[in-house]
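Numbers restart at 1 for each chain; the letters A, B, ... are given by sequence-line order, proteins then strands.
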Amino acid sequence: MWPMKTALLDILTQTLTGLYRSGVFSTDLLAKGITPQLTHTRDKQFGDLTCNIALLCAKLLQQNPREIAERIVEALPPLPMVKKIEIAGPGFINFYMRDDLSTQIIGQILSQGGEYGKSSYGSLERVHIEYVSANPTGPLHVGHGRGAAYGATLANILKASGFSVHSEYYVNDAGRQMDILAASVWCRYNEYCGESFPFPDNAYQGDYVKDIAKALFAKTGSHFQRKTEDIMAALSSVDKTNKDTYIDALIAYLKTTLGDEHYRELHQTGLNTLQNDIKDDLAQFGVTFDKWFSERSLADEGKIEKSLQDLQKTGYTYEQAGALWFKSTAFGDDKDRVLIRDNGQPTYFASDVAYQLDKYQRGFTKLINVFGADHHGYVPRLRAFLTALGKDTDGSFFAPLVQFAILWRGDEKVSMSTRSGEYVTLRELRNEVGNDATRFFYVMRKHEQHMDFDLTLAKSESNDNPVYYIQYAHARICSVKHQLAEKGLHHNVENGLAHVNLLSLQNEKDLMDSLGRFPELIILGAKNFETHGIPHYLRELASLFHTYYNSQQFLVDETTLRDARLCLVNAIQVVLQNGLSLLGVSAPDSM
RNA sequence: GCGCCCGUAGCUCAGUUGGAUAGAGUGUUGGCCUCCGAAGCCAAAGGUCAGAGGUUCGAAUCCUCUCGGGCGCACCA
């Protein structure tokens with residue numbers, strides 16, 4: 001159906017131009033930005049495809065919409081794919097497509113197989129997609145999981161739509177949070193050595209910190225140990241009621257007492273352990289990246305300095321109180337932002353400026369930054385500097401926000417706090433619910449929609465999860481094929497394809513219609529950066545199949561009808577597989 | 001206080017970018033296995049699209065306000 005639809009749309013567009021040139025229409029609609037649109041009808045009494053262009057331009061042309069529709073229909077060239085055209089209601093133009101058109105889709109799907117659904121819509125445009133990018137200061141939690149599932153699925157959708165996609169995880173391996181992690185590891189390590197120095201409130205509380213400390217001790221012995229009284233003495237002048245200054249003082253003390261080399265080793269141990277853990281976790285979740293991009297490498301390679309120079313050339317920077325500021329308010333941000341702190345250290349924002357510019361310099365023409373919704377306040381300042389540097393003038397920068405998955409344990413909301421270490425990890429969720437259900441569940445909701453994730457329901461009644469419904473349809477198809485072989489029968493595909501016209505039941509027509517919509521569904525997802533259309537579509541397709549299965553026997557005695565039905569069933573299987581594959585969900589033969 | 005996201009069936013969510021009678025799942029009620037897998041199918045019931053204005057041929061969708069929920073507002077990342 002899809003190639004026909006675009007072809008018909010082209011013809012409609014040409015017809016409108018023709019009507020303007022020949023003076024029938026007083027206005028060039030296309031020049032006014034009014035373009036025809038073809039949509040699938042919800043009700044078959046209105047045909048297969050419908051166009052509302054006459055209604056849209058009625059005011060502009062100062063004509064009755066039905067009259068306009070008539071002019072358009074009269075001007076259309078002969079359309080071999082169309083059975084009937086009707087003008088209905090206030091002025092809709094309804095197209096009834098030829099019946100054999102929809103049956104052709106079966107042959108197309110069977111010949112394309114795993115390629116069916118893919119298109120060249122993206123024209124191999126180079127897209128950079130960054131997602132997850134969680135700080136390596138602890139294991140991924142269920143909030144990160146949603147971003148991971150969304151980003152990976154979106155990347156798949158973009159690839160299938162003909163974009164050249166490069167995916168990246170930005171590793172925040174520099175900055176204060178990593179120092180706090182290092183300090184946290186060291187405190188646990190020192191405890192392990194037998195010291196009784198109190199663990200700071202705002203250090204990372206999770207048990208994984210203890211594991212890292214233990215491993216560090218096993219590897220290095222008590223080399224990093226410091227006596228409690230020595231630490232107390234060193235920190236005696238620090239205000240212990242202010243958590244932030246206290247932990248910063250502790251970090252400064254560690255850097256001094258351990259020396260550069262050993263501090264780096266401590267720092268690196270925490271980083272490596274957690275990053276590997278995250279990498280492993282995501283790989284098991286079916287989420288992999290083309291590149292893990294190190295924040296620290298930007299500073300090491302002088303890219304921060306370079307991009308700040310570029311930014312300074314724009315004139316939108318200034319110095320105040322010893323710090324370098326970016327005048328982001330000139331571009332709609334709430335307040336100006338610090339680039340270089342008064343202590344000479346670049347901020348996270350400065351790194352990100354360099355990172356985003358680096359993406360452009362690597363030749364990407366479309367940048368997608370998947371953010372957690374709690375970072376939405378960060379987007380205006382990113383847009384601000386891109387605007388200042390003349391990037392994103394063509395709307396090449398996107399920042400889809402993924403809302404939180406709010407966890408519920410029965411009626412109780414699960415509180416999430418990274419610092420306190422009280423949160424459900426992605427790994428726990430995967431182990432209890434399963435990868436398939438987890439991935440499916442995450443992307444079946446619109447990414448900007450808040451999502452309720454009821455753990456007790458997901459765990460105790462996982463059979464109710466819609467992913468099983470779809471997988472069951474696939475397993476049933478496999479089972480039918482198994483039965484076919486057991487009965488000693490053979491599926492003659494050629495014969496079936498030659499007689500797809502036998503598939504004339506309403507249910508069969510609905511199925512073919514649905515199969516034909518798959519490619520444009522993927523493009524729609526790529527256009528809007530939306531993943532939830534695929535799960536909804538697959539559920540609907542599975543539902544149509546289950547209805548079909550219950551109402552008709554596939555393995556009938558009439559060879560030709562059987563061959564034709566099995567062709568349809570095979571086509572359904574292909575689309576189920578292709579669709580599930582986009583979601584990173586398996587299509588099991590049996591369950 | 002300011003900004004962003006959201007409010008659709010008892011619950012969880014779709015709604016083809018402003019179109020024709022607002023749809024699914026789940027839950028409730030009642031049916032369907034001598035038959036390719038009952039993790040399935042069929043049917044019934046369930047709505048002032050949070051509320052009030054406005055824009056127009058036409059609004060769940062767009063603009064304003066009100067109410068309610070979530071999240072942000074660092075020289076943290």
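- Between the P atom of B:G70 and the NZ atom of A:K446 lies a distance of 20 Å, rounded to the nearest Å.
- If you check the side chains of A:Y348 and A:Q177, you find no donor sitting under 3.5 Å from an acceptor.
- Within the 4.0 Å cut-off from OP1 or OP2 of B:A38, not a single side-chain nitrogen or oxygen of A:Y468 is found.
- Taking the P atoms as reference points, B:G7 lies 16 Å from B:G69, given to the whole Å.
- Taking only side-chain nitrogens and oxygens, A:Q449 comes nearer than 4.0 Å to OP1 or OP2 of B:A14.
- Of the candidates B:A14, B:C73, B:A20, B:C73 carries the atom nearest the A:K335 side chain, counting heavy atoms from C-beta on.
- Residue-nucleotide stacking is not present for A:F404 and B:G70, judged by a side-chain ring centre under 5.5 Å from the six-membered base ring centre and planes under 30° apart.
- A 3.5 Å limit on both hydrogen-bonding distances identifies B:G31 as the Watson-Crick or G-U partner of B:C41.
- Comparing B:A77, B:U21, B:G37 by their nearest atom to the side chain of A:A475 picks out B:G37.
- Between B:C11 and B:G31, the distance separating the two C1' atoms is 25 Å to the nearest Å.
- The side chain of A:H532 contributes an N or O atom lying less than 4.0 Å from OP1 or OP2 of B:G15.
- Nearest nucleotide to the A:L555 side chain, out of B:C36, B:C75, B:G37: B:C36.
- Counting only N and O atoms by type, the side chains of A:E168 and A:Y355 include a donor and acceptor under 3.5 Å apart.
- For A:Q483, a side-chain nitrogen or oxygen approaches OP1 or OP2 of B:G37 to under 4.0 Å.
- In summary, the side chains of A:S586 and A:D436 do present a donor paired with an acceptor at a separation below 3.5 Å, with no hydrogens or angles considered.
- For the OP1/OP2 pair of B:G37 and a distance below 4.0 Å, the side-chain nitrogens and oxygens of A:S479 include at least one atom meeting the criterion.
- Of all nucleotides listed (B:A20, B:C71, B:A77), B:C71 comes nearest to the side chain of A:D374.
- One can place CG of A:D43 at 16 Å from P of B:G19, the figure rounded to the nearest angstrom.
- In this structure, the aromatic ring of A:F92 is positioned over the six-membered ring of the base of B:A20, centres within 5.5 Å and planes within 30°.
- Residue A:Y549 places its side chain closer to B:G37 than to any other of B:A77, B:G37, B:C75.
- A:Y548 and A:E508 form a side-chain donor-acceptor contact under 3.5 Å, judged by distance and modelled atom types alone.
- When distances run from any side-chain atom of A:M591 to the nucleotides B:A77, B:A39, B:G19, the shortest one goes to B:A39.
- Applying the 4.0 Å criterion to OP1 and OP2 of B:A20, one finds that A:R42 has a side-chain N or O inside that range.
- Straight-line distance between the C1' atoms of B:G46 and B:U28: roughly 9 Å, to the nearest whole Å.
- Residues A:H376 and A:Q403 have side chains that never bring a donor and an acceptor to within less than 3.5 angstrom of each other.
- Base orientation at B:C41 is anti, since its O4'-C1' glycosidic dihedral falls outside 90° of 0.
- In the set B:C13, B:U16, B:A77, B:U16 carries the atom at the smallest distance from any side-chain atom of A:H40.
- Side chain of A:F46, nearest nucleotide from B:C36, B:A20, B:C5: B:A20.
- If you check distances only, the side chain of A:N94 does reach the base of B:A20 with a donor-acceptor pair under 3.5 Å.
- The residue A:A473 sits apart from the nucleic acid: no heavy atom pair falls under 4.0 Å.
- Looking at the side chain of A:Y472, the nearest of the listed nucleotides B:A38, B:G3, B:A77 is B:A38.
- Taking the six-membered ring where the residue is Trp, A:F326 and A:F331 present parallel rings, their angle staying beneath 30° rather than reaching 60°.
- The shortest distance between the side-chain N/O atoms of A:K527 and the OP1/OP2 oxygens of B:U16 is not below 4.0 Å.
- In the set B:C6, B:A20, B:C41, the nucleotide with an atom closest to the side chain of A:E448 is B:C6.
- A:S590 has no side-chain polar atom (N or O) that falls below the 4.0 Å cut-off from OP1 or OP2 of B:G37.
- A donor atom on one side chain and an acceptor atom on the other are found under 3.5 Å apart for A:K481 and A:Q573.
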